[in-house]
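What you see is a predicted model; the values in this text were computed from it and never measured. In what follows, every heavy atom counts, from backbone to side chain, and hydrogens, waters and symmetry copies are set aside. Quick note on labels: first sequence line is chain A, next is B, and so on, each numbered from 1.
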Protein chains: 2
Amino acid sequence: MTTQKPRTGRRGDALSKERIVRAAVETLDAGGEDALTFRVLANRLSTGPGAIYNHVANKNELLRAATDEVIAHVTTGAVTGPEPGEAIRAIMLGVFDAIHAHPWVGAQLSREPWQTAMLQIFESAGRQLTALGVPEQAQFDAASALVNYVLGVAGQSAAGARALPGETDRSAFLETVAAQWTTQYDAADYPFVHQVAAQLAGHDDRKQFLAGIDLILAGISTLR
Amino acid sequence: MTTQKPRTGRRGDALSKERIVRAAVETLDAGGEDALTFRVLANRLSTGPGAIYNHVANKNELLRAATDEVIAHVTTGAVTGPEPGEAIRAIMLGVFDAIHAHPWVGAQLSREPWQTAMLQIFESAGRQLTALGVPEQAQFDAASALVNYVLGVAGQSAAGARALPGETDRSAFLETVAAQWTTQYDAADYPFVHQVAAQLAGHDDRKQFLAGIDLILAGISTLR
DNA sequence: ACCTGAACACCGTTCAAGT
DNA sequence: ACCTGAACACCGTTCAAGT
């Protein structure tokens, strides 16, 4: 009679959307996209797979919530910025770093681009464009270009993680890619691919990501 | 005894990778990504699901082959171009149109960016950059920016097709998206999103895609 | 050498039965 | 109101058995 609202279960806490999402993020971080199943999630939460549906509509909603949680930290952190171009760089780098830390986020962002996470990025970028002095009717195109670029990088990051699930040695991976390119594609038919393959080994993803952002920003400064 | 190598089966042609890939493309075009199953494919080819594995290693290889077939038409077509900037625009528009005609191609490209299809686009773009006079060490970054942008657009196109599988009325879809944005996100927190939502209805995807390409090209011309 | 199709090992999701 | 866990309707893939 005294226990009207038992906030904690017998063992550990009661099931809740927060706990489920947190467990999902941990599972995804540990084992990648394919590791997340309702059965292993239920097991980790010591319950049955059906119980999860009391707090989450389906797997898509769960993935959406997990992605939003990771990205929310990025956009809220980098609000203050003196120069608008620098602010855009900071936001985009934040997204890049989040995706590199959680490659499944990249896959989810490119699968469902218009979920809250991406809209927040779109909003933050758009505001800075106004500050940059980009004409209003060009702002949409400029923000879209930035977002599309980030989505492309996000997808590639996820693909890389899928290709080598547990690996950490990035340069070894790039060497494998370069070797595949030079082996499978003829130098006569693919001269540019061969030229780039040589540069691939000593190659910094993060720096190249920023170079792309700067290229788009340089193009945007043309619009003023 | 006379029939040493029966090239044709009793009904229709014998099973072959070509026939399987063609049937896969048709199935994907008709029903989208989820419509392709080995069971429906086998049914369409009047055989059992196991037979397909005699010609194709697995579903990933099949999707890869289907994508390559669609994209091959694009890059081989637009080789001749007078001005390199115009040539890049033509290649990228070709990819855009192919993705719009077959949205599942967009999904596959962003899932496996470094398959033959994307490498061909990368190669074509890279060659034109040389012609544009972009310094060699900057060519990799410039080509990557273009390819990442296209991949982002590809993923979004696929996501749109997933959201409304059979629909053709594009502007009706955009109005739904705009309505969702303005309803679910507060104007005070998302001013830019609200501003853009108003422009969304009378909005041309293809034109915006080109605007993004032009933005990147403008940035690239800075590098010379 | 290729095809057949039942069977295996999984999924996400549902739902009667419990508490 | 929430949890339990067997069951359903699917997947991709395998493999003994046929031809």
Side-chain angles (χ1 to χ4, degrees), chain A residues 1-24 27-28 31-67 104 107-108 111-112 162 165, chain B residues 1-24 27-28 31-67 104 107-108 111-112 162 165:
Chain A
M1 294 162 171
T2 49
T3 57
Q4 286 196 343
K5 231 190 174 192
R7 280 237 156 251
T8 53
R10 252 185 306 266
R11 268 181 332 222
D13 309 64
L15 212 51
S16 69
K17 186 165 180 182
E18 285 78 16
R19 272 192 73 214
I20 293 169
V21 171
R22 210 179 312 137
T27 307
L28 287 161
E33 308 164 52
D34 293 342
L36 185 69
T37 25
F38 275 71
R39 278 174 245 272
V40 312
L41 198 58
N43 198 287
R44 187 188 261 261
L45 295 162
S46 17
T47 181
I52 296 169
Y53 286 88
N54 284 314
H55 302 92
V56 157
N58 50 42
K59 195 176 182 180
N60 277 335
E61 193 197 300
L62 181 55
L63 280 169
R64 239 173 271 143
T67 304
W104 55 271
Q108 176 58 18
R111 259 190 64 83
E112 293 200 0
R162 247 188 316 259
Chain B
M1 296 156 171
T2 48
T3 55
Q4 285 196 345
K5 228 189 175 193
R7 280 237 155 250
T8 53
R10 252 185 305 266
R11 268 183 332 220
D13 309 61
L15 211 53
S16 70
K17 186 165 179 183
E18 285 77 15
R19 273 193 71 214
I20 293 168
V21 172
R22 208 177 316 134
T27 308
L28 288 161
E33 308 164 51
D34 293 343
L36 185 69
T37 10
F38 275 71
R39 280 175 244 272
V40 312
L41 199 57
N43 198 286
R44 188 189 261 263
L45 295 163
S46 20
T47 182
I52 296 170
Y53 286 89
N54 284 315
H55 302 91
V56 156
N58 50 43
K59 194 176 181 179
N60 278 334
E61 194 198 298
L62 181 55
L63 280 169
R64 239 174 271 144
T67 304
W104 54 271
Q108 176 59 18
R111 257 190 65 84
E112 293 200 359
R162 247 188 316 259

What's the [atom1]-[atom2] distance between [X] and [N], to the nearest Å?
X	N	atom1	atom2	value
B:L45	C:dC3	CG	P	10 Å
A:L15	C:dT19	CG	C1'	16 Å
A:N54	D:dG5	CG	C1'	13 Å
B:R19	C:dC3	CZ	C1'	13 Å

State which residues pass side chain to side chain contact (heavy atoms under 4.5 Å, CB included) with B:T37; sequence neighbours excluded, sorted by chain then number.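 B:T37 satisfies side chain to side chain contact (heavy atoms under 4.5 Å, CB included) with B:V40 only.
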
What distance do B:L15 atom CG and B:T47 atom OG1 have between them, rounded to the nearest 0.5 Å?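 Taking CG in B:L15 and OG1 in B:T47, the distance rounds to 5.5 Å.
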
CG of B:L45 to OG1 of B:T27: how many Å apart, nearest 0.5 Å?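 One finds 8.0 Å between CG of B:L45 and OG1 of B:T27.
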
Once ring pair (Phe, Tyr, Trp, His ring centres under 6.0 Å) is applied, what residue pairs with a partner in residues 46-67 of chain B remain, sequence neighbours excluded?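 Residue pairs with at least one partner in residues 46-67 of chain B: B:F38-B:Y53.
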
List the atom of A:A66, the atom of A:L28, and the distance in Å for their closest heavy-atom pair.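 Answer, listing the atom of A:A66 first, then A:L28: CB-CD1, 4.3 Å.
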
Can you list every stem that DNA chain D is part of, counting only runs of 3 or more consecutive Watson-Crick or G-U wobble pairs with both distances under 3.5 Å?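 Stem list for DNA chain D: C:4-8 with D:12-16, C:12-16 with D:4-8.
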
Test your reading of the model: is there a side-chain donor-acceptor pair from A:R162 to the backbone of B:R111, 3.5 Å cut-off?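 Between the backbone of B:R111 and the side chain of A:R162 there is a qualifying donor-acceptor contact (under 3.5 Å).
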
Contact list for residues 34-51 of chain A, test salt bridge (Lys or Arg N to Asp or Glu O under 4.0 Å), sequence neighbours left out: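 Sorted pair list: A:E26-A:R44.
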
Return a table of donor-acceptor pairs under 3.5 angstrom between the side chains of residues 56-65 of chain A and protein atoms on other chains or two or more places apart.
residue : atom : partner : partner atom : Å
A:N58   : OD1  : A:N60   : N            : 3.2
A:N58   : OD1  : A:E61   : N            : 3.0
A:K59   : NZ   : A:L36   : O            : 2.9
A:E61   : OE1  : A:A57   : N            : 3.3
A:E61   : OE2  : A:K17   : NZ           : 2.9
A:R64   : NE   : A:E112  : OE1          : 2.7

Taking protein heavy atoms under 4.0 Å as touching, what does nucleotides 10-17 of chain C look like 5' to 3' if B marks base contact, S marks sugar-phosphate-only contact and - marks none? -BBBBB--

